[in-house]
Protein chains: 2
Amino acid sequence: MKRKSKSQKVYDYIEELIISGEYKPGERLPSEAQLGETLKVSRVSVRAGIEKLSAIGLVNKKKGGGTYVNRPKNDNYLSVFTPTLLHNTDYLELMELRRALDSLSVQLCTQNITEAGTRKLGKIIDRMEHLEEDGDFFELDKKFHLLVSKYSKNRFLHNIHLIIWDVLQKTLRPNYTKVTEPSTYDRVGEHKRIYDAIVHKDENLARIYTVHHLEKVIDTFKCVYNEAYQEAFEKNQKKET
Amino acid sequence: MKRKSKSQKVYDYIEELIISGEYKPGERLPSEAQLGETLKVSRVSVRAGIEKLSAIGLVNKKKGGGTYVNRPKNDNYLSVFTPTLLHNTDYLELMELRRALDSLSVQLCTQNITEAGTRKLGKIIDRMEHLEEDGDFFELDKKFHLLVSKYSKNRFLHNIHLIIWDVLQKTLRPNYTKVTEPSTYDRVGEHKRIYDAIVHKDENLARIYTVHHLEKVIDTFKCVYNEAYQEAFEKNQKKET
DNA sequence: AATGAACAAGTTATAATACAACATTTTTTT
DNA sequence: AAAAAAATGTTGTATTATAACTTGTTCATT
């Protein structure tokens, strides 16, 4: 039975004080030296514990200035975990979940969106419509959906979207053009239909179009992915021969 | 303009090698001493970088044995998110998102569940029905919904459920009885209806009952939360006077 | 009295050295 | 060949020190 390390004890101690609210957002933690005295460990162990807290976004360290409890954030508070997702999930799982998440996002967005928000969405659609064939559709695609999730007014949901797009940026981007080139499906039209439903405050239609859009992307990816997979597989076979 | 710390460089270097697949799951990283030589930094900086990777679940360290790249996991790979979520989200956001996620889970579960799975769900319902009034309904509630998400056969979805319940465990638990006591709503009956729909393979009905159940919990919490909030607020007012 | 500059003190980042506590590998013994 | 012991390797912790920064205090100037 392994004993808990001193650095883990430091981590647990501080985490508990933060989660319980005793250490307030924005507040400065005791110095490493002080924590070492309080907990009767060396500064090395304190630093290890705090490094972990910093890695998951609970605290931020300022060289020479101290370590501060992070304020709860509206955006990107899950971004530290992008590597975790990259390491543990695959594209199709993400996309399947996106079906549910984007469906919910667009419903809430349709309920909550402002005129300014609608205008912004319209601008993105406009840019999609005028995009050259080799233009960066990925960025517009991402902007569109992230704006929708932002106007869902559910922060957790928006942050899951943010991290999913972060992952997609890193995993899909190389093959994005292949999956979403105009010949494969009506990529602009699908977004425009979602947009129109939002403008008309028709949340059911917005959901239907969104799910349809995601399913189309998934199906297309499956076709493309199978081809690419075969090629890579055959290439590996040749290497081993 | 701040320079990137040496420990961050170590983190970035290793993370890239893991995400790119050069360091394989299950593989042992070079020792701290070797990495220090390779990257021309002291062991302190190597340790700090690795501590961060460990915190987000990419590696695990064995005292005396080395540091290993974690294998992608089926379950609980998002557990590292829990403190961050605890710090950055609130209950209602979580529950609102649960509405969509549980809805999807129950649909997929209804499609995918096995006879053994159905039996397990039935056992939980049975225990719910025979639970004493001061019994631990929370655990049964949690088991039920997590079993549903498990049989959704979407790992990412299941893992999001796992962390949500982790967060609920820590935030709601103290007030759980108040929100879910029998007088507030038909807690057993609602789960039984969901279960029956699953047994009958009626995924639409399962979804409807699930959404209804979640909405009921949300509404109940809102009523209870407002009362509790008023009391806490008044208590704080008295303190400051 | 108010403001800015200089200095002192405080704090995190990094390094070197050492030892403890473990895990893994190699060698020796049975 | 298998088991036990020894050697080697590796992470966890400690101590001491310095570098590089931030924050607070004091002093000088206006």
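Reminder, nothing fancy here: chain letters follow the sequence lines and each chain counts from 1.
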For the side chain of A:Ser7, counting heavy atoms from C-beta on, which of C:dA15, D:dT13, D:dA14 is nearest? D:dT13
Check every atom of C:dA13, C:dT14, C:dT11 against the side chain of B:Val44 and return the nucleotide holding the closest atom. C:dT14
In terms of side-chain heavy atoms of A:Arg47, which of D:dT11, D:dA14, C:dA13 is nearest? C:dA13
Would you say A:Arg43 places a side-chain N or O within less than 4.0 Å of OP1 or OP2 belonging to C:dA13? no
Can you identify which nucleotide, out of D:dA14, D:dT13, C:dT14, has its nearest atom closest to the A:Ser5 side chain? D:dT13
Specify the separation, in whole Å, of atom CD of B:Glu51 and atom P of D:dT11. 12 Å
Would you mind reading off the distance between A:Leu53 atom CG and C:dT12 atom C1', rounded to a whole angstrom? 15 Å
Residues B:His158 and B:Asn154: side-chain donor-acceptor under 3.5 angstrom: no
Less than 4.0 angstrom between a side-chain N/O of A:Ser45 and OP1 or OP2 of D:dG12, yes or no? no
Length of the line joining B:Leu35:CG and D:dT10:P, which is rounded to integer Å: 11 Å
Please determine whether a side-chain nitrogen of the Lys or Arg among A:Asp12 and A:Lys4 lies less than 4.0 Å from a carboxylate oxygen of the Asp or Glu. yes
If you find the nucleotide of DNA chain D closest to B:Glu32 and the one closest to A:Gly65, which residue's nucleotide is nearer the 5' end? B:Glu32
Distance test, side-chain N/O of A:Lys61 to OP1/OP2 of C:dA13, below 4.0 Å: yes
Verdict with reasoning, B:Phe137 to B:His191, per ring-ring contact (aromatic ring centres under 6.0 Å, His included): CA-CA 12 Å; B:Phe137 193 80; B:His191 287 95; 5.8 Å; yes
Would you mind telling me which residue lines up with the more 5' stretch of DNA chain D, B:Gly66 or A:Val41, judged by nearest nucleotide? B:Gly66
In whole angstrom, what separates B:Arg28's CZ from D:dT10's P? 5 Å
Under 3.5 Å, is there any donor-acceptor pair linking the side chain of A:Arg3 to the base of D:dG12? no
Round to the nearest Å and state the distance from A:Gln8 atom CD to C:dA21 atom P. 19 Å
Looking only at side-chain atoms of A:Tyr68, point me to the closest of C:dT11, D:dA14, D:dT23. D:dT23
Can you see if the side chain of A:Lys6 gets near the phosphate of D:dA14 - specifically, an N or O under 4.0 Å from OP1 or OP2? yes
Whole-Å gap separating P (D:dG12) and NZ (B:Lys62): 12 Å
Does B:Glu15 pair with B:Lys52 as a salt bridge, N-O distance under 4.0 Å? no
note: B:Lys4, atom NZ; C:dT14, atom P; distance rounded to Å ~ 12 Å
Assess, by modelled atom type and distance only, whether the side chains of B:His87 and A:Asn70 contain a donor and an acceptor separated by less than 3.5 Å. no
With a 4.0 Å cutoff (strictly under), does any side-chain N or O of A:Lys63 reach OP1 or OP2 of C:dT14? no
